[in-house]
Amino acid sequence: MFSYEKELNKEQLRVVYDGEGHCLVLSGPGSGKTRTLVYRVAYLLENGVSPSRILLLTFTKKASNEMLSRVYSLFPQAEEKILGGTFHHVANFFLRRYAHHLKYSKNYTIIDEEDAKNILKALLKEEGIDFIKPQVVQKMISLSINSQKEVEEVAGRFFPYFKEKTLEKLEIIKKKYEGRKKKTNIMDYDDLLLNWEKILSFPEIKKEISEKFLYVLVDEYQDTNALQNKIIRKLGSVHKNILVVGDDSQCIYSFRAAEIENIISFSKKYPKTKIFRLEKNYRSTPEILSAANAVISKNSMRLEKELKSVVPMGSPPCVFSFSSPFEEARFVTKKLKEYDLKETAVLFRAHYHAVELEMELARQKIPYILRGGTRFFEQFHVKDVLAFLRLFLNFYDEPSWRRILLRQNKIGEASVTKIIPQIFKKKSFQEVFKEKESIFSLLSSPGKKSLEEILQIFLKAGKEEISEKIKIFLNNFYFKYLEFSFDNARERKSDLKKLYDISLEYKDLEKMLSEFSLSEDFKKETEREKGLVLSTVHQAKGLEWKNVFLISLREGDFPHEKSTEEGLMEEERRLFYVAITRCKENLYLTHSCYGFGGKSSALPSRFLRESFLQENSLENLTEIEEIIEDEDLWESF
């Protein structure tokens, strides 16, 4: 017998001992939910439940492996007998046995995203709308499946620029895509869930599977979508032992179709639900949790829960304001030197919020690891704009010409290979435009039109300042290209607005491009070193650090400017809650009065006021002045 009382607190013990029936475990950050789940499974095994009658569903393979390995360390005899894993892993397990009911052979193959894009690319060409990139259609179909909504409804929120006729064709493509997959005996990742739910719609299969599993346990329930929720309901339909663990205050993935309503309405859908609250936090100081509790209390769509710290009192969170993001970056960089970088992270709402900091860290030769993304100046779309600019510096820059020409409609690799030697016979954009007929002869009619349009953009931007060059390129071509090429066009546009902001600081194009290049060269020297973590808040969920800097806390950045118009303010607030609860001891929150386009009108984030976090005292402000006046910090920019 295990001594559960020694291993668990009273809140956790209640879940372990009394987790029969429909149970909702509201688990705050740092409250030991994994430990609770592991010991609940151990308790079931110790009380004679066969491991084969337990189903454990998680969202990541890492979480699944961690939980199962801990269970097996307690019960080695149960090893590999519990069915556990991600939703997709478990779906595949069942489909190998039952897919023939859907007219699939059991030896179906699972295609990856690249294979799916290739199929969709061919279908888009068949329908005559191949100006839309397959990854956009793939994302739209995926959201439609996981949210259990029509393509048109999904497009209304995520892709509002699509016209009605285009949407009608996309609906046709979705049906053709489904037919082609079935015909060739293949499934993509979304099909695994969709087809699992379909086989559970057969009464005899539903009965067989739901009778087999006496206990169904689900981790991170707040991240489930409509389709996953249907599956869970069917799995627990016989024994009615569904235990879900989650935190409505950490539901931050609606853009992936996660539905907060699943956890909010769990007790309504299952009337005899037992609700457990894990509120003891073993991670953060009371001062940090006080701010977290205050800000999340402003949400109307939430389940009551209050985090309580079990660690000693510490320093209050520090809030600092600056006149510009460059000043903010210098302060953060200087302050970072006071801490062990391996125990420190800088978090932000979106990647483009950290670009000034990335540049400053490179100048100060401070190594860092960027989680969940490519460094700012190495991103595909940023490199496209820089390629456009480089051609004003060096007309014969072949990689840049190739990059820009390949973005044009109906101009492919073969055409570019023929076009570039012809361009290099000229000496300027004006000369290319005047004598364009020799190049036009190498292109189709749509290709000619595309080439003429981009040449006119070069001519229009020629004599303008750097920032105006960028604006002309974005507004006359590149923003539209992004909309039809990427499922995250909005985020990419924000990155490029940030690039525009940075360009306002420069008058010399050669100097700007050189500094950007040197900033990226720094990666080659430090990418293998362990050090400071830079991360979006989304990527930081589930992690923790002793010291956390949360930057760019101004209205329009965090909360994001789109959150008000889309009614997503509560999710933004949950995201802020996740951000500050990553910190154990030392929390710094910074912002600048600097908006897009160099406007000094950005207000501090409302979340600072809502969490009762105030600007620091005069004593601290004097400390800031001393830091930012330090000569070694003010290197030439």
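Residue numbers run from 1 in the order of the sequence given.
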Quiz prompt | Separation of Glu358 CD from Leu534 CG (nearest 0.5 Å) | solution = 6.0 Å

Quiz item: Do Phe348 and His538 make the cut of ring centroids closer than 6.0 angstrom?
Solution: no

Practice problem: Assess whether atom NZ of Lys269 is packed by more than 12 heavy atoms of other residues, nucleotides or ligands within 6.0 Å. | Solution: yes

Quiz item: Where do Ala78 and Tyr72 come nearest, in terms of heavy atoms and distance?
Solution: O-CE2, 3.2 Å

Practice problem: Might you confirm whether atom NZ of Lys121 has over 12 heavy atoms from other residues, nucleotides or ligands at distances under 6.0 Å? | Solution: no

Exercise. Might you point out which heavy atoms bring Tyr39 and Leu74 nearest each other, and give the distance in Å?
Key: CE2-CD1, 4.1 Å

Exercise. Taking the six-membered ring for Trp and the single ring otherwise, decide whether the centroids of Tyr577 and Phe607 are under 6.0 Å apart.
Key: no

Quiz item: Does the side chain of Ser31 come within less than 4.5 Å of Lys280's, by heavy atoms?
Solution: no

Exercise. Say whether Lys206 and Ser201, considering side chains only, have a donor N or O and an acceptor N or O under 3.5 Å apart.
Key: no

Self-check item: Euclidean distance, Trp545 CH2 relative to Asp340 CG, rounded to 0.5 Å
Solution: 14.0 Å

Quiz item: Do Glu571 side-chain atoms and Ser254 backbone N/O form a donor-acceptor pair below 3.5 Å?
Solution: yes

Practice problem: Write out all pairs satisfying ring pair (Phe, Tyr, Trp, His ring centres under 6.0 Å) with one or both partners inside residues 215-242, taking only residues at least two apart or from two chains. | Solution: Tyr221-Phe266

Quiz item: Should the heavy atoms of other residues, nucleotides or ligands under 6.0 Å from CD of Glu204 be counted, would the total exceed 12?
Solution: yes

Quiz item: Would Ser249 and Lys305 count as a side-chain contact (heavy atoms from CB on, under 4.5 Å) if you check the C-alpha gap in whole Å, the side-chain angles of each, and the deciding distance to 0.1 Å?
Solution: CA-CA 9 Å; Ser249 298; Lys305 180 178 78 282; 3.6 Å; yes

Self-check item: Short side-chain to backbone donor-acceptor contact, Lys230 and Ala226, under 3.5 Å
Solution: no

Self-check item: Residue Glu20 excluded, over 12 heavy atoms near CD under 6.0 Å
Solution: yes

Quiz item: Can Thr224 and Asn229 be counted as having a side-chain donor-acceptor contact under 3.5 angstrom?
Solution: no

Practice problem: Provide the closest heavy-atom pair for Val295 versus Arg573 in the form atom of the first, atom of the second, distance. | Solution: O-CD, 3.0 Å

Quiz item: Do Ser210 and Arg233 have side-chain N/O donor and acceptor atoms under 3.5 Å apart?
Solution: no

Quiz item: How many angstroms lie between CD in Gln12 and CG in Leu37, if you round to the nearest 0.5 Å?
Solution: 10.5 Å

Quiz item: Just how far is it from atom CG of Leu347 to atom NZ of Lys541, taken to the nearest 0.5 Å?
Solution: 14.0 Å

Quiz item: Measuring from His560:NE2 to Ser605:OG, what's the distance to the nearest 0.5 Å?
Solution: 13.0 Å

Practice problem: For Asp191 and Tyr104, test the side chains for any donor-to-acceptor distance below 3.5 angstrom and give the result as yes or no. | Solution: no

Quiz item: Step by step, would you call Ser300 with Glu570 a side-chain hydrogen bond (donor to acceptor under 3.5 Å, both in side chains)?
Solution: CA-CA 8 Å; Ser300 58; Glu570 294 212 351; 2.7 Å; yes

Exercise. Calculate, to the nearest 0.5 Å, the distance between atoms CD1 and CG belonging to Ile263 and Leu24 respectively.
Key: 5.5 Å

Quiz item: Looking at Cys251 and Arg574, what are the two nearest heavy atoms and their distance?
Solution: O-NE, 2.7 Å

Exercise. Would you tell me whether Glu585 and Thr285 have side-chain atoms, one donor and one acceptor, within less than 3.5 Å of each other?
Key: no

Quiz item: Do any N or O atoms from the side chain of Lys182 and from the backbone of Leu102 form a donor-acceptor pair under 3.5 angstrom?
Solution: yes

Practice problem: Check Thr273 against Ser267 and note the closest heavy-atom contact, atom names and distance. | Solution: OG1-CA, 3.5 Å

Self-check item: Side chains of Tyr352 and Ser552 in contact at under 4.5 Å (non-hydrogen atoms)
Solution: no

Self-check item: Between Glu220 and Gln222, a side-chain donor and acceptor under 3.5 Å
Solution: yes

Quiz item: Will you find, in the side chains of Asp247 and Gln250, an N or O donor that is under 3.5 Å from an N or O acceptor?
Solution: yes

